Amino acid sequence: MVTRTTGLEFTQTLIEQAAKITFLNVILLSLLCTVIDGIRRKFMIDRPVKKIVTAAEQLMKGDFSIRIPPFHGLYSMSGFEVIADYFNQMAKELSGTETLRTDFIANVSHELKTPLAVIQNYGTMLQQPDLPEEKRMEYAKAVTDASRRLASLITNILKLNKLENQQIYPKAETYDLGEQLCECLLAFESAWVEKELEIETDVEEDVLVNTDAQLLSLVWNNLFSNAVKFTEPHGRVSLSLKTEGDFAVVQVSDTGCGIPPEVGRHIFEKFYQGDTSHATQGNGLGMELPDFLW
């Protein structure tokens with residue numbers, strides 16, 4: 001049938017030749033596709049992969065400023081654009097963490113060094129054999145105060161570490177928020193009396209909240225401590241508690257120096273202190289509080 005249609009007689013020799021030609025065509029096509037795929041991989045895969053690997057190596061060496069530039073053209077269609085975006089976000093987070101770690105070491109080193117120096121100096125002076133009793137009591141008190149400050153710093157660091165690692169779990173209970181605020185404020189009575197501060201309170205009664213009382217007291221103690229600490233003598237500290245719908249609104253204000261806008265942007269960063277000279281006592285842990293308290 002095929003012979004009558006085409007006029008060709010399919011002998012064994014002709015079939016063998018056709019098979020060889022077909023086989024060679026297949027090989028040539030395969031080689032051509034391999035070359036084309038190799039060129040495609042070089043430009044569309046190898047180059048972006050090399051950029052990512054190079055950036056990753058720089059990141060491993062500690063260069064957190066490294067960023068992968070955006071891919072354009074066909075690269076952006078291959079998914080490498082998404083990888084580059086995530087890599088850059090990771091590098092940015094690591095850069096922030098490294099900055100925070102550096103600031104942490106600098107601040108904590110300073111905070112530890114100050115009380116240790118006080119303890120060392122006054123401890124040396126206490127060894128004087130002919131030291132008057134009055135001086136001995138003064139130096140001993142200085143050593144005690146410095147050791148308490150050191151213990152407080154270490155306690156706060158450990159507490160912050162537990163909070164961040166979720167090793168401290170809130171124990172919610174219902175209690176009167178106004179009573180708690182007044183108790184925390186009264187704890188600083190000696191400080192405000194010494195500075196002759198005017199204290200104003202406007203506390204609504206029977207405001208009940210359901211949260212961890214112990215952890216939330218850290219918030220109030222920090223606010224009152226800063227208000228009293230940074231208010232000049234004969235100034236004023238005000239406390240207000242009101243309800244707005246289902247919310248309890250607490251406001252603590254004072255006539256102190258306030259917080260400059262550039263410092264205010266950092267108040268929730270661990271160990272950050274606007275007073276870089278560390279002239280006032282504190283370690284920058286007060287505002288670093290877990291979200292579950294709010």
Side-chain angles (χ1 to χ4, degrees), residues 107-108 111 115 144-145 147-195 197-231 235-256 258-259 264 266-275 280-294:
N107 285 320
V108 172
E111 294 292 340
T144 302
D145 292 342
S147 63
R148 285 175 179 169
R149 182 181 176 186
L150 185 61
S152 175
L153 173 63
I154 295 173
T155 299
N156 286 337
I157 293 175
L158 293 175
K159 186 179 296 182
L160 176 61
N161 182 66
K162 288 183 178 180
L163 286 171
E164 289 193 330
N165 290 288
Q166 299 183 354
Q167 295 176 359
I168 294 180
Y169 300 96
K171 298 179 180 179
E173 58 180 324
T174 301
Y175 65 92
D176 192 310
L177 181 59
E179 291 183 3
Q180 183 188 48
L181 287 167
C182 292
E183 290 176 359
C184 291
L185 181 59
L186 286 172
F188 298 90
E189 183 177 7
S190 59
W192 85 57
V193 169
E194 181 180 353
K195 299 179 73 171
L197 301 180
E198 179 185 353
I199 305 298
E200 293 183 352
T201 59
D202 182 13
V203 179
E204 186 175 325
E205 296 183 355
D206 300 325
V207 178
L208 302 180
V209 295
N210 185 263
T211 185
D212 190 306
Q214 182 179 3
L215 291 178
L216 195 57
S217 67
L218 298 176
V219 181
W220 315 135
N221 288 335
N222 176 67
L223 293 175
F224 295 142
S225 173
N226 286 335
V228 173
K229 183 192 305 181
F230 293 104
T231 300
R236 182 177 65 255
V237 175
S238 303
L239 165 64
S240 170
L241 169 62
K242 298 183 181 299
T243 55
E244 295 182 2
D246 294 332
F247 296 93
V249 181
V250 179
Q251 292 182 331
V252 178
S253 59
D254 58 70
T255 57
I259 302 178
H266 301 279
I267 62 173
F268 291 101
E269 295 179 10
K270 293 185 288 294
F271 302 102
Y272 181 86
Q273 290 181 270
D275 179 13
T280 55
Q281 291 188 7
N283 44 55
L285 286 170
M287 296 305 294
E288 182 65 24
L289 294 162
D291 293 336
F292 54 68
L293 289 177
W294 312 106

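Computed over heavy atoms, backbone and side chain alike; hydrogens, waters and symmetry mates excluded. Predicted model only: the values in this text are computed from it and were never measured.
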Novice: Output yes when a side-chain donor or acceptor of Ser238 lies under 3.5 Å from a complementary backbone atom of Glu200, and no otherwise.
Specialist: no

Novice: Which heavy atom of Ala213 sits nearest to which heavy atom of Gln180, and what is that distance?
Specialist: O-NE2, 2.8 Å

Novice: How many angstroms lie between NZ in Lys171 and CG in Asp212, if you round to the nearest 0.5 Å?
Specialist: 8.0 Å

Novice: Is it the case that over 12 heavy atoms from other parts of the model lie below 6.0 angstrom from the CD atom of Gln251?
Specialist: no

Novice: With distance as the sole test, does Ser217 use its side chain to make a donor-acceptor pair with the main-chain N or O of Gln214 at under 3.5 Å?
Specialist: yes

Novice: Quick check for you: to the nearest 0.5 Å, what is the distance between Leu150 atom CG and Asp145 atom CG?
Specialist: 12.5 Å

Novice: For Glu179, what residues pass the side chain to side chain contact (heavy atoms under 4.5 Å, CB included) criterion, not counting sequence neighbours?
Specialist: Asp176

Novice: Going by heavy atoms in the side chains, are Trp220 and Val252 under 4.5 Å from each other?
Specialist: no

Novice: How long is the straight-line distance from CG of Leu216 back to CG of Leu181, given to the nearest 0.5 Å?
Specialist: 8.0 Å

Novice: Looking only at non-hydrogen atoms, find the nearest pair between Glu244 and Val249 and report the distance.
Specialist: CD-CG2, 3.7 Å

Novice: State, to 0.1 Å, how close Val203 and Gly178 come at their nearest heavy-atom pair, and which atoms those are.
Specialist: CG1-CA, 3.7 Å

Novice: Could you check whether any side-chain heavy atom of Leu239 comes within less than 4.5 Å of a side-chain heavy atom of Phe224, counting everything from C-beta outward?
Specialist: yes

Novice: Decide yes or no for Val250 and Val219: does some side-chain heavy atom of the first lie under 4.5 Å from some side-chain heavy atom of the second?
Specialist: no

Novice: Is the closest side-chain heavy-atom distance between Phe247 and Val209 below 4.5 Å?
Specialist: no

Novice: Around atom CD of Glu204, are there more than 12 heavy atoms of other residues, nucleotides or ligands at under 6.0 Å?
Specialist: yes

Novice: Would a 4.5 Å heavy-atom cut-off, applied to side chains only, mark Trp192 and Ile199 as touching?
Specialist: yes

Novice: Would you name the heavy atoms of Ala248 and Leu241 that are closest together and state the gap between them?
Specialist: CB-CD1, 4.3 Å

Novice: When rounded to the nearest 0.5 angstrom, what distance separates CG in Asp206 from CG in Leu177?
Specialist: 12.0 Å

Novice: Can you check whether Asp202's main-chain N or O pairs, donor with acceptor, with Lys242's side chain at less than 3.5 Å?
Specialist: no

Novice: Using side-chain heavy atoms (C-beta onward) and a distance below 4.5 Å, is Phe188 in contact with Leu197?
Specialist: no

